[in-house]
Each structure stands twice: as C-alpha cells, then as structure tokens.
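Numbering of ligands and ligand atoms starts at 1, following listing order.
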Amino acid sequence: PTVAVVGCPFSAGQARPGVDLGPNALVQSGLLDQIKSLGWNVTYDGAAPFADIPRASVQEAREHETGEGKMRNARVVSEVCERLAKVVAEHAARGELPVTVGGDHSLALGSIAGTMSKHPDACVLWIDAHADINTPLTTTTGNLHGCPVSFLLGLQGTDVEPFKGWVKPCLRPDRLVYIGLRDVDPAEKRILRENNIKCFTMHDVDKHGIGACVKMALEHVNPRGERPVHLSFDVDATDPTVAGSTGTPVRGGLTFREGHYICEAVAETGCLVALDIMEVNPTLGDDKLVEQTVAVGCSLTRAALGETLL
Ligand code: DIR
Ligand code: MN
Ligand code: MN
Ligand code: MN
C-alpha cells in the first residue's frame, strides 16, 4: 500500500503569511520516513504540482483578488483547489492514499472534491475549532479557509465564479460530521442547524468523552462501516498548548491525546481513504512552539496511518 504525500504550500485562503511553509516544515522534520516506518510505500512530488501558483503572501494575494462578493483571493484559491482535486483524484485512482499537507484549510475544497470523484459515497470527518461552512454570502472575513464546506455541500450562494466552473456539490450533509468545534459564527450556526449537520463541540467532548464522541460520529456518517472516510484535520482543533503555531488558535481545544485518539480510531476502522493535515504555520510562535506543532502534525498523521501505542 502506498501513501501519496501531497504538499500544498498555499496561504491565500486566509490572511496570515507563513502557512504556505507548513508542508516543507513537516517533510523536513522527517514525515516521509516516519510514514515509511509504518510499512507504507511513500511518494512525494514536492511542490511540483503547484510550482507556478503564487506563494500568496498577503501582499501578493491582494493582487489576485477578484472583487467578487466578499471573497478574498477567490481566483487563486479556486485555481489551486481545482489543481489539488485532480492530483488527489489521480493518486486515489491508482489505489494510493493521498495525504494532503497544507497550507490553509481552503485546500480541503480541492482534496475532498478529489476524494469524492473516486469515492462518491465517502464520508467526511472534519476536525476543527471552526466549522469552515461560511458561504460567499455569510463570510464576515472574506477568508476562504472559513468556507470550503459550503462549496462541497453546494449551499446557497456557492454557485459563483470562479468556483462554478469546476466545483460540483459532492457531499451530502448527513455524510459530514464535526469534532472539536468551539468558534462558530452566528450564520454558521444557522447553516449547521438548517442542514441538520452532526456536530460534536468541545462541550460534547467534555460531556461524553472523546471515545464516545468518535463512536457516535462514525456511527452517524458510516453506520455499517462500509463507507470510505476522508479525515480533514485542522491542527487548530487541538488546544493552543498542543499545536500553537497556527493562524487562528482558540483556547479550550482537544488535548494531545484526544486529537490522536480521533486519528487512531479512524485508522482502526480500516476505512480511511484520504487525510488532510492543515493550518500548521511554522512562522508563528517561538522555535519551541513551532517544533512542537510540526511534531504534532507528524504524529497525528502517523496515528491516522496506523501507528499504535503498543
Ligand atoms: C471564521 C474563522 N469563521 C471565518 N474561520 C477559521 O473567517 O470564516 N477557520 N479560522 O479555520
Ligand atoms: Mn504523485
Ligand atoms: Mn479549518
Ligand atoms: Mn480552524
């Protein structure tokens, strides 16, 4: 079995420079060898598939604004996500397990679209402090890393340029579940309610424990254990004391073990077909915090790919 690591050095889905350096930081710290040591073959094409995409620091990014609605950098986000969708779909079609390393979480629009083209019945576990389900009509920041889920679901307001040329609604609301939420915008709360989307907030994690939450989450999206699972992990789901080098940290997050438990439990299902590790920004915080955050990105990846404690 082969893991295809897809590093996507991209930051234009949000405002803070540096998250585009995430993939290289994880790879440089030994991610590929760590995955190999679990018994996988590993392929990695570097940033080659995205070489001609602007690095999109805030300055550069502004030049790529389309002015369409309130979305910032919509054209470049759409372009890179379309490219990523193709790359992920190609790996999946070869029977490989794509691991997309971000980069900001707008990329999950591409990675999940890619997964869905090979596995239309897949379900999505979205692990995040945020719901990332704003639409171009509801976003207050204009940052597209707060919006990818709405495009995947095809919510009202997402059928717009430049995305409408390639994004098709490919995810049903009942095939999506969240764990870790604690910073959800008012409009997002309404969207989650109206679409009956299953959510395990930090309140639920406190109340039931992570074991019960993951069990209920998997039972909701994959009751018979036969559907492929795409795990999209924003490292800001964990507490800032666990993975602090990230653009939008929110206190009160998952512990180190809770985050890893989610990945381990998904690995145990044997249903994982794709993984995203998103929002590691190695320019935020002191060296120790960066090192710790990069290490957590790697260990979450290993846990999802079958590393066990014994
Ligand atoms: C906020 C923050 N809901 C937004 N979203 C973040 O910009 O739409 N997502 N930080 O990761
Ligand atoms: Mn490849
Ligand atoms: Mn996110
Ligand atoms: Mn987040």
Notebook entry, point to check: Taking non-hydrogen atoms only, is Val184 closer than 4.0 angstrom to ligand 1 via side chain, backbone, both or neither?
Noted result: neither

Notebook entry, point to check: What do we get for Glu188 next to ligand 1 when only non-hydrogen atoms under 4.0 Å count, side chain, backbone, both or neither?
Noted result: side chain

Checklist line | Side-chain ion pair, Lys207 and Asp204, N-O less than 4.0 Å | finding: no

Check: Looking at Glu279 and Arg16, does any basic side-chain N land under 4.0 Å from a carboxylate oxygen?
Finding: no

[X]-ligand 1 polar pair, N/O distance under 3.5 Å:
X: Asn143; answer: no
X: Thr141; answer: yes
X: His130; answer: yes
X: Asp183; answer: no
X: Asp185; answer: yes

Notebook entry, point to check: Would you say Glu219 has more than 12 foreign heavy atoms packed within less than 6.0 Å of its CD?
Noted result: yes

Check: Side-chain donor-acceptor pair under 3.5 Å between Ser232 and His105, yes or no?
Finding: yes

Checklist line | Residues His230 and Asp276: side-chain donor-acceptor under 3.5 angstrom | finding: yes

Which residue owns the protein heavy atom closest to [atom], what's the atom, and how far is it?
atom: atom 9 (N) of ligand 1; result: Asp132 OD1, 2.9 Å
atom: atom 8 (O) of ligand 1; result: Asn134 ND2, 2.9 Å
atom: atom 10 (N) of ligand 1; result: Thr248 OG1, 3.0 Å

Margin query: Under the rule for side-chain hydrogen bond (donor to acceptor under 3.5 Å, both in side chains), what residues qualify as partners of Arg302, not counting sequence neighbours?
Written below: Gln34, Glu307

Looking at [X] and [Y], what are the two nearest heavy atoms and their distance?
X: Gly259; Y: Phe233; answer: O-CE1, 3.7 Å
X: Val19; Y: Ser11; answer: CG1-CB, 3.3 Å
X: Pro23; Y: Gly7; answer: CB-CA, 3.8 Å
X: Leu97; Y: Leu275; answer: CD2-N, 4.3 Å

Check: Under 2.8 Å from the Mn ion (ligand 3), how many protein N/O/S atoms can be counted?
Finding: 4

Checklist line | Atoms in ligand 1 with a heavy atom of Gly146 nearer than 4.0 Å | finding: 8 (O)

Next item on the list: Find all atoms of ligand 1 within a distance of less than 4.0 Å from any non-hydrogen atom belonging to Asp234, and give their numbers and elements.
Entry: 11 (O)

Check: Going through the distances and angles, do Asp174 and Arg172 end up as a salt bridge (Lys or Arg N to Asp or Glu O under 4.0 Å)?
Finding: CA-CA 5 Å; Asp174 61 346; Arg172 291 167 31 168; 2.6 Å; yes

Item checked: Contact check, His105 vs ligand 1, heavy-atom distance below 4.0 Å -> no

Notebook entry, point to check: side chain to side chain contact (heavy atoms under 4.5 Å, CB included) with Asp236: which of Thr248, Leu254, Val242?
Noted result: Thr248

